[in-house]
Amino acid sequence: MYDPAGANPYGSDGKSVTLSEASADVPGIPLPNSPLANASNVGTVWENSTGSIAAYYPSSGIEWMVLRGSIDMSPGPPAPQIINGFPALVLPGVADTKTPRPSVVEIDLGNNRMAELVGFTAVENLVDVAHSLPVKAST
């Protein structure tokens, strides 16, 4: 479950690191560079032993993760979108219910790697952050 406070998403396998340490430990991670999520406004950063990284941006309430795996297309609609040439799921959140859900953008980066952006914000904000990732699919 998404924790808007930037808590450790990996439990006992997670450790708190700086963004520089995460970049050194897992080279080639695509860091967002948008006004809502960038190296200057990052809060907590976590990594785990499988090479997954999570960063929380407190000023926007956005969490960004790079994980092992691929996006699950089985839920059906909505149809995948394309972000930077990669297949992506864009799921708007639901704020005004008894059980609010955050907006989510998942991007399948290939090679058993995916990026995920989550936050209680308009899904368009997450899409903007996703477009700021410095990765492009080869054509």
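All values reported here derive from a predicted model rather than from experimental measurement. Position 1 is the first residue of the sequence, and the numbers go up from there.
Among residue pairs with one or both ends in residues 22-36, none qualify as side-chain hydrogen bond (donor to acceptor under 3.5 Å, both in side chains); sequence neighbours excluded.
Within the 4.5 Å cutoff, no side-chain heavy atoms of Leu89 are placed close to those of Val104. Side-chain atoms of Tyr57 and Asn38, non-hydrogen and from C-beta on, never get closer than 4.5 Å to each other. Proximity of Thr18 to Val45: side-chain heavy atoms (C-beta onward) are nowhere separated by under 4.5 Å. Using a 4.5 Å heavy-atom threshold, the side chains of Trp46 and Ser52 count as separate. Contact of the Ile83 side chain with the His131 side chain is registered, since non-hydrogen atoms from C-beta on lie closer than 4.5 Å. By the 4.5 Å heavy-atom criterion applied to side chains, Ile62 and Val129 are counted as neighbours. Contact check for Leu19 versus Leu31: side-chain heavy atoms found under the 4.5 Å cut-off.
Residues satisfying the side chain to side chain donor-acceptor pair (under 3.5 Å) test with Ser103, not counting sequence neighbours, are none. For Ala122, the side-chain contact (heavy atoms from CB on, under 4.5 Å) partners are Glu124, Asn125, not counting sequence neighbours. Every residue meeting the side chain to side chain donor-acceptor pair (under 3.5 Å) condition with Ser49, not counting sequence neighbours, appears here in chain and number order: Asp13. Shown here are the side chain to side chain donor-acceptor pair (under 3.5 Å) partners of Lys136, two or more places apart in sequence or in another chain: Asn84. Remark: Ser70 engages no residue in a side chain to side chain donor-acceptor pair (under 3.5 Å) (not counting sequence neighbours).
Looking at every heavy atom in both residues, Ala22 comes nearest to Val17 through CB-CG2, 3.9 Å. Between Glu21 and Glu47 the shortest heavy-atom distance is O-OE1, 4.2 Å. Here the shortest heavy-atom pairing between Pro87 and Ile71 reads O-CD1, 3.7 Å. Of all heavy-atom pairs spanning Asn41 and Ser59, the tightest one is ND2-OG, 3.6 Å. Across all their heavy atoms, Leu67 and Tyr10 have their closest contact at CD2-OH, 4.2 Å.
In this structure a side-chain-to-backbone donor-acceptor pair under 3.5 Å is missing from Asn111 to Arg113. Remark: the backbone N or O of Gly51 is not paired with any side-chain donor or acceptor of Arg68 at under 3.5 angstrom. Counting only distance, with no hydrogens or angles, the side chain of Asn112 and the backbone of Gly69 share a donor-acceptor pair below 3.5 Å.
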Q: Test Leu133 against Ile107 for side chain to side chain contact (heavy atoms under 4.5 Å, CB included), laying out the working first.
A: CA-CA 11 Å; Leu133 293 171; Ile107 307 165; 3.9 Å; yes
Q: Just do the side chain to side chain contact (heavy atoms under 4.5 Å, CB included) check on Val135 and Leu109 with the steps written out, would you?
A: CA-CA 9 Å; Val135 291; Leu109 300 172; 4.0 Å; yes
Q.
Before you tell me yes or no, could you show the steps for Val105 and Leu91 under side chain to side chain contact (heavy atoms under 4.5 Å, CB included), namely the whole-Å CA-CA distance, both residues' side-chain angles and the distance that decides it to 0.1 Å?
A. CA-CA 6 Å; Val105 172; Leu91 306 167; over 6 Å; no
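Here the straight-line distance linking atom OG1 of Thr44 with atom OH of Tyr56 works out to 8.0 Å at 0.5 Å rounding. With rounding to the nearest 0.5 Å, the separation of CD in Glu106 from CD in Glu116 is 4.5 Å. From Ser132, atom OG reaches atom CH2 of Trp64 across 10.5 Å, with rounding to the nearest 0.5 Å.
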